[in-house]
Undergrad: 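My questions all concern the structure below.
Just so it is clear: chains get the letters A, B, ... in the order the sequence lines come, proteins before strands, and each one is counted from 1.
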There are 4 protein chains.
Amino acid sequence: MVGFALFGAGRIGALHAANIAASRPRARLACVYDTNADAAAAIAARHDARVAASVEAALADPDVDAVLIASSTSTHVELITAAAHAGKAILCEKPIDLDISRVERCRSAIAGSGVALQLGFNRRYDRSHRAVRDAVRAGQIGALEQLIITSRDPGPPPLPYLAVSGGIFRDMTIHDFDLARFILGDDPVTQLYASGSIMVEPRLRELDDVDTAMVVMRTGSGALVHINNSRRAVYGYDQRVEAFGAAGMVQSDNLRASTLTRSDAQATDVREPLLNFFTERYRQAYLDELGEFIDVVEGHRQPTAGFEDGRCALILANAAGESLRSGNSVQVRFD
Amino acid sequence: MVGFALFGAGRIGALHAANIAASRPRARLACVYDTNADAAAAIAARHDARVAASVEAALADPDVDAVLIASSTSTHVELITAAAHAGKAILCEKPIDLDISRVERCRSAIAGSGVALQLGFNRRYDRSHRAVRDAVRAGQIGALEQLIITSRDPGPPPLPYLAVSGGIFRDMTIHDFDLARFILGDDPVTQLYASGSIMVEPRLRELDDVDTAMVVMRTGSGALVHINNSRRAVYGYDQRVEAFGAAGMVQSDNLRASTLTRSDAQATDVREPLLNFFTERYRQAYLDELGEFIDVVEGHRQPTAGFEDGRCALILANAAGESLRSGNSVQVRFD
Amino acid sequence: MVGFALFGAGRIGALHAANIAASRPRARLACVYDTNADAAAAIAARHDARVAASVEAALADPDVDAVLIASSTSTHVELITAAAHAGKAILCEKPIDLDISRVERCRSAIAGSGVALQLGFNRRYDRSHRAVRDAVRAGQIGALEQLIITSRDPGPPPLPYLAVSGGIFRDMTIHDFDLARFILGDDPVTQLYASGSIMVEPRLRELDDVDTAMVVMRTGSGALVHINNSRRAVYGYDQRVEAFGAAGMVQSDNLRASTLTRSDAQATDVREPLLNFFTERYRQAYLDELGEFIDVVEGHRQPTAGFEDGRCALILANAAGESLRSGNSVQVRFD
Amino acid sequence: MVGFALFGAGRIGALHAANIAASRPRARLACVYDTNADAAAAIAARHDARVAASVEAALADPDVDAVLIASSTSTHVELITAAAHAGKAILCEKPIDLDISRVERCRSAIAGSGVALQLGFNRRYDRSHRAVRDAVRAGQIGALEQLIITSRDPGPPPLPYLAVSGGIFRDMTIHDFDLARFILGDDPVTQLYASGSIMVEPRLRELDDVDTAMVVMRTGSGALVHINNSRRAVYGYDQRVEAFGAAGMVQSDNLRASTLTRSDAQATDVREPLLNFFTERYRQAYLDELGEFIDVVEGHRQPTAGFEDGRCALILANAAGESLRSGNSVQVRFD
């Protein structure tokens, strides 16, 4: 049984805590730490766990085999480093950090620690998106020639969140960059172009950010990748992938709460709105992500997404920001 | 080039006339006869054809190779008989007649005439329904075990039509009986049960008819067939077939005017209503039906639906009426 | 927190035990009883529960507020009666019993006990089927005129199971009879016709049973209901509902493990087979069923399916058997 | 009745000739001209038309009200100019020309002629794509924010065709540029980026062309447009449009020959390949295009696509070529 220390008792922390509880008897929540002690106490009480007095105390807890980092982005590098030095396996929410130089330093700091580190890029664990990647890897569509990712949030987050989010590419598109890399396998992105607009939240102008974006990327093999993003899709959280190749096409589609369709005098086959947001759409993905991480801790497999994946996704996000500002395409290098 | 005499200048006659015109240079409309001379003249004028002064005159026209009978049901037997005796190929709208004894007599009367006779069971020529039958015949679903036909009109016809229609089973379900026989091939229906209600048009009570019906049939091989009918589907003309067997299932679905789907804050994948009625849904089927008949006249093939198919469909319709009245199932014999 | 005694440690018992565990902190498994003590011990160990030495011991356990009956059908009546007399709330797997007279006697025996009793008709808790019923009840399709239930198992159970199953109507169709009643609301079935064949398992001939069946029912309002069943659908567990009414239609469709579609040179939009069987298709339904039962025990709601529903479904199943044997329709009475 | 002179007796000319014949009595084919006299004669014979000895003779024919230009691209400017000076209405296949300066000169040459000119951008007449545009124009999705066009041919044309095609952007994408402009209405494209690869036909390297392309465009309002193209989709001719806006999304999908779906032990809902290419997919569109042109000639409406639309689409295609070569985005001006 893998004992977990949870860092971060917000919404996503609570979700992970519940998933750890549901993974019994493979895992259990040993302790929770949050700078908001009440929030930590609430989660701890719900799952028979302890409140840790400090990060150090959590890492020193002999019941703790692994840490789950669900605190704010700015704390990730420090927690990853401390956990690695304490020899704990790490499951960390994306992104590693908004600053690539801090990410590079973290990489050096934990080099040689030998701990397993898995990044929480939830889309990789979604059964439909993963089925796309599996089909591509199995050669079902032949050589991959085009990859199209549609990724639209149901509505924009509050402005204070947007102000510290790092911008759309590092906050939102980073998931799509990672998903693209997951499906592309060892075919690296070499060139990237991004365009964007403010169509949803006019106050983004002050933040030098956009809420509507399109990206085109080219890989070493010549495959072309398109990503489109919006901060607002009134019909729900729109998450689709299309992989097109020399021998065919595979697509993953959205999820709804039921399969109900309705036909009346005005319309036919009417379906309900999409599952509203990531905690619903990726509910099973979060469970599978945790299950895979437990496998990793138990030595049965390598992480599906590791530190290097987080670093490369950030490099693409930064390239997108640079392209948006310059209006030109950007050559991408990952070394 | 096959020259046609058209009997009947109503809505369905006009449709056939236009299809004959569109089949040039394979066919042409030579003359039109209708007791309503104005209606005949209008169609004749539109397609450079003559108005025939009488049935006899039409059948004596040397330009006439074939007759298309689209007049009212009560005239079919007489016209079939006259055309057969005149040696003309016959394409006749369903049904042959509402009275099985008249049908039997007509069969005797035309026996040995040697003329080709094709019945206008339009569903047999629909590309989707036919694809179901072709898949069944090709063994794609293994032994056929269940057949389900959904057939609902967009709205009830006027009461005067209903009063002479022969009742729902001989007027509407007869299409579905024939379609079932088309797909069943040489596996005959042996037992039939029908139930029905008046849910749409209360005045049907006076006509001893129903507007909502369900049928279950059993065949010699043990396959089971279900048909459901309604005289009113507010979302359009609902025409679906499902064939289920030991190795799988095939289904044909409805048609719409476009593939548009719409998603908004209330609903997703909203599609437009179905094509409203048979002249739209079976537009291509009527063209293909005519094309096949021209092939028949030219000696290239046998009719897809012949006199015997019309007789057997009527026997099933009569059995359904008998079952509805008695509440019991009926043993079916076609000899 | 509702404490449960579980009767029956087979496959479905193990599923319920896991669901009780996943419902913490609302519920917990107190003890398990099975005539197979090893099976009981295995489940008890997995969920920190005790093994009960006898039914009586389980019912005397002060930690037990409710019983979950997942043992073989023949034990249901006895266990229901004992639990009712012990004042425990009851969640019992369908059916109550195969013998209507035993069901009637059980009804008398527990009358006045005042305990809550919920029957495990899993389809009622499926979110898609329930959405159909909710739409009908909300008037979205106007007066219900036709109801069509497709229910096909992926493959036949072993012959020994079939031999004691009570026949297809009491073993399999009973779910569909209940689902029909759930959607029909207070519009009672008054007439029923059933037809059937042996297409899958020839040895059913010795058991006087069928594996392929079709039912048509008529209700007091005139609504017509069709059910089709097969013991073998090679493409997976086929569970669909269509409700058609004066103002439209609603349908619930099947579930798959992912939304993947594939297009290649032979075919387009290819999807994976359906979820294979009831523990997968109705996985969420079983969780929701338990959640509703906990609400019932806590006094927040009435059971969605009660004793009377079990009795009425059995009356319909018996009527279907009678109709199959006689070839005639059967008048149905529930009193 | 509008009398047509047809220029060009190749495959697309034959298609237009048949459509003119099918439009009787609204239109008729008066004469045909082609440098290949045999080809002209064959079409003329099929439709009771004359063979014109020369362009001049055709334009001097008193039965000719309008010309349909379906000859090779290099002849379009000359024929448009001659027809305009002869006062004939013009329906011309796209593109006007591959050379923007020739297009500009043609514009000057025909200015003031007052003849109606309609360009054959077939996608504009497709009922599904047009439904997208109508929904956008009607405000059904609010302000348009993203437009995504997927356009993939079933297979590459022969190399000799490719050599004179003007490259993928002027030959193939030009349709998508025009469709984008059709849906965008009066919101002009201001910036364009294109990327491309050779994934299908290696010999394109010698032609400095690509067979796989992605485009991103930005409009004056900030809307973003994505187009993806491939010269080979093994599952058929893939033609889809998605318009996303502040209040929802509309999509048009592909067409197939039937609605058949098949489910077996390996897969479910299997559909047939898409209609193979433009003469099938846009069969109805070509008929509607002609119907609209007849309306134009009769003075009932303005052309849906005119000379200016052809010029603007070519400007976008040229910009895409420039962007592909430079790797940078291009500012677009239409004046």
Undergrad: With sequence neighbours excluded, what pairs up with C:Thr304 under the side-chain contact (heavy atoms from CB on, under 4.5 Å) test?
TA: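 Once residues adjacent in sequence are excluded, the partners of C:Thr304 under the side-chain contact (heavy atoms from CB on, under 4.5 Å) criterion are C:Arg124, C:Tyr125, C:Arg130, C:Phe182, C:Glu292, C:Arg301.
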
Undergrad: Donor-acceptor pairs are to be reported for all side-chain atoms of residues 131-145 of chain D against protein atoms at under 3.5 Å, with residues two or more places apart or in another chain.
TA:
residue	atom	partner	partner atom	Å
D:Gln140	OE1	B:Arg262	NE	3.4
D:Glu145	OE2	A:Arg232	NH2	2.5

Undergrad: Please identify each residue that fulfils side chain to side chain donor-acceptor pair (under 3.5 Å) with D:Arg283, with sequence neighbours left out.
TA: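 Testing D:Arg283 for side chain to side chain donor-acceptor pair (under 3.5 Å), a comparison that skips the adjacent residues, returns none.
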
Undergrad: Sort by residue number and list every member of residues 270-282 of chain C having a non-hydrogen atom under 4.5 Å from chain D.
TA: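 If one takes a 4.5 Å heavy-atom cut-off, the residues of residues 270-282 of chain C near chain D are C:Val270, C:Arg271, C:Glu272, C:Pro273, C:Leu274.
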
Undergrad: For residues C:Asp264 and D:Tyr235, determine if any side-chain heavy atom of one lies less than 4.5 Å from a side-chain heavy atom of the other.
TA: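 C:Asp264 vs D:Tyr235: side chains apart.
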
Undergrad: Out of C:Asp238, C:Thr261, C:Thr268, C:Asn254, return the one with the most heavy atom pairs under 4.5 angstrom to chain D.
TA: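 The residue among C:Asp238, C:Thr261, C:Thr268, C:Asn254 with the greatest pair count is C:Thr268.
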
